[in-house]
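Reviewing the structure listed below.
Basis for what follows: all heavy atoms, side chains included, without hydrogens, waters or symmetry-related copies. These numbers were taken from a predicted model, which means no experiment stands behind them.
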Amino acid sequence: MIRIYDDTGIRDEEIFARSEEQANVVPAVKEIIAEVRKNKDSALFAYTERFDHAKLSALRVSETEIEEAVGSADPSLLEVMREAARNIADYHEKQIRHDYSMTEKDGVVLGQRVLPLERVGVYVPGGTAAYPSTVLMDTIPARLAGVKEIIMVTPPGKDGKINPNILAAAYIAGVSRVYKVGGAQAIAALAYGTESIPAVDKIVGPGNAYVAEAKRQVFGQVGIDMIAGPSEVLIIADAKSDPRCVAADLLSQAEHDRMASAVLITDSAILAKQVQEQIELQLATLEREEIARASIDNNGKIIVTKDLRSAAEVSNRIAPEHLELCMDDPFAFLSKITNAGSVFLGRYNPEPMGDYFAGPNHTLPTMGTARFYSPLGVDDFVKKMQFSYFTKDALANDAWKVSLFARAEGLTAHARAVEIRFEDDSDDRGH
């Protein structure tokens, strides 16, 4: 059963604690990466048979397989995915940056170019659940950024096939190529390349502990979006909130993973008790009851605060991935929130709206990293290149300033690089 705390008695270690920590995966991931770097495709085939119990003859998903997946998909689901894709595109189009230049000073041009990455890798989880929504969320911003090649990897089932809904989403989102490989070995393949899978410039997308650790280890060889942990939801709810809805929203994240975190903060002790009871009633109705119950029992919390201002302070310390504000005027309360991945305002905006349909991205910072990380977006798929230009007269105006600065740092060659351009001029004036 989810525990209820009073904020005056709860300690930081209780607020942030998660039980059932994963075993140390660092050595295993290091070994997998080394094996893929050495043996490439043959290592991928071996690991896929070992971990996914699928014996493959080819890693790449064929056009025929994609066409069959689209043809067999539920037409209603296809239309919903297409509409979701449009919503995601409409939202992320506003994030597109443009080149700029500055010419305010005579003889000086300063500017920045915004360039798409050439090739990116998108990891889509498999395992206990398939997530076509992740395909849309992680691919559409890349396409809007102008990325030329989008390579998707996802683990196959025991039959060697990819979930058809994932392939249909890849088709809708415009993925360039799809490969049947998952886990740390997929991340290694994207980072270093194999005979079948090309090396990419950046890897994005969530995954299990092995995937997260592999992204950490290959960072520097390639870029990554973030190190994402298990899913989180935090709900700040006032006394008027419906306990059935609050409980349902908490469970919507708890069913993701045993390590998922579902937290309610409220100023109402009555609501806290009602939500606790509702969670127990609703757990029994879930298909993934065992997973959700483990999450709730081990990592779920209800924190009762003296007022909603205190609730905001606790929330900002936690910096949750998803934050729901269930209250009458959530827009006024939003100004009190400084750390959160994605915020859901009002009583009629449950977190799953963001998972699937609304448009804002669902690949978000977790484990408190919303203090310094942002949701996945178009910026993750571009790089910025600066440029500057000085005429001789413009440089002459500022040369002494640069020389003074460089010599103050003891870098005389820096100073000389500026000064030497005017030595002939000084000689000419001397004659």
Side-chain angles (χ1 to χ4, degrees), residues 80-100 112-125 130-154 165-179 186-187 190-191 198-207 211-212 215 219 222-228 231 321-322 340-344 351-366 369-370 372-385:
V80 168
M81 285 200 289
R82 289 191 178 101
E83 188 174 352
R86 290 192 292 271
N87 293 343
I88 295 165
D90 289 345
Y91 179 84
H92 288 83
E93 277 177 354
K94 301 290 192 280
Q95 299 176 353
I96 296 174
R97 295 178 182 264
H98 301 282
D99 298 353
Y100 69 82
Q112 177 178 274
R113 294 184 65 200
V114 181
L115 303 168
L117 302 181
E118 288 284 323
R119 182 188 290 141
V120 300
V122 175
Y123 187 92
V124 178
Y131 300 112
S133 56
T134 297
V135 180
L136 302 180
M137 292 288 182
D138 290 3
T139 300
I140 290 171
R143 194 185 67 207
L144 290 172
V147 173
K148 292 180 181 178
E149 238 187 324
I150 302 170
I151 308 298
M152 191 179 102
V153 293
T154 188
N165 291 335
I166 285 182
L167 293 182
Y171 174 80
I172 291 169
V175 172
S176 307
R177 296 186 240 172
V178 183
Y179 291 92
I187 300 302
L190 290 172
V200 301
D201 300 310
K202 188 169 188 175
I203 301 171
V204 305
V211 170
K215 288 171 69 176
F219 176 64
V222 292
I224 61 171
D225 51 350
M226 63 188 82
I227 306 295
S231 188
E321 177 188 17
H322 306 99
S342 190
V343 185
F344 300 79
E351 187 279 333
M353 287 300 297
D355 274 350
Y356 297 110
F357 197 74
N361 212 283
H362 82 195
T363 298
L364 303 166
T366 62
T369 59
F372 50 85
Y373 265 127
S374 304
L376 189 76
V378 172
D379 275 353
D380 287 285
F381 300 101
V382 299
K383 59 184 178 181
K384 303 172 187 73
M385 182 171 67

Closest contact, heavy atoms only, [X] versus [Y]:
X    : Y    : value
A212 : I227 : O-CD1, 3.6 Å
A173 : L136 : CB-CD2, 4.1 Å
A169 : P132 : CB-O, 3.6 Å
T154 : P125 : OG1-O, 3.9 Å
A340 : A370 : C-CB, 3.7 Å

With side chains defined as the heavy atoms from C-beta onward, is the minimum distance between [X] and [Y] less than 4.5 Å?
X    : Y    : answer
I88  : M137 : yes
V120 : V204 : no
Q95  : P141 : no
M152 : I166 : yes
P116 : K148 : no
D138 : N361 : yes
P352 : F344 : no
M385 : L115 : yes

Rounded to the nearest 0.5 Å, how far does [atom2] of [Y] lie from [atom1] of [X]?
X    : Y    : atom1 : atom2 : value
R143 : I150 : CZ    : CD1   : 7.5 Å
T366 : H322 : OG1   : NE2   : 10.0 Å
T363 : E321 : OG1   : CD    : 9.0 Å
I172 : I140 : CD1   : CD1   : 8.5 Å
Y373 : D225 : OH    : CG    : 8.0 Å
I203 : Y123 : CD1   : OH    : 11.0 Å

- In chain order, what residues pass the side-chain hydrogen bond (donor to acceptor under 3.5 Å, both in side chains) check against N165, with sequence neighbours excluded?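 With neighbours one apart ignored, the set is empty.
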
- Task: Begin with the C-alpha distance, continue with both residues' side-chain angles, and end with the deciding distance and a verdict on side-chain contact (heavy atoms from CB on, under 4.5 Å) for L167 and V178.
- Result: CA-CA 8 Å; L167 293 182; V178 183; 4.0 Å; yes

Under a 3.5 Å distance rule, please check whether [X] uses its side chain to pair with a backbone N or O of [Y] as donor and acceptor.
X    : Y    : value
D380 : G377 : yes
R119 : I151 : no
K202 : F381 : no
K215 : P206 : no

If you count the non-hydrogen atoms of other residues, nucleotides and ligands that lie under 6.0 Å from [atom1] in [X], is the total more than 12?
X    : atom1 : answer
F357 : CZ    : yes
K384 : NZ    : yes
R97  : CZ    : no

- Item | The single option from V124, V122, L190 passing side chain to side chain contact (heavy atoms under 4.5 Å, CB included) against V153 |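 When V124, V122, L190 are each tested with V153, the side chain to side chain contact (heavy atoms under 4.5 Å, CB included) holds only for L190.
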
- Between the side chains of S133 and D355, does any donor sit under 3.5 Å from an acceptor?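 No donor-acceptor contact under 3.5 Å links the two side chains.
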
- Query: Between H362 and T134, does any side-chain donor sit less than 3.5 Å from a side-chain acceptor?
  - Reply: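 Yes, because at least one side-chain N or O of H362 sits under 3.5 Å from a partner of the opposite role on T134.
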
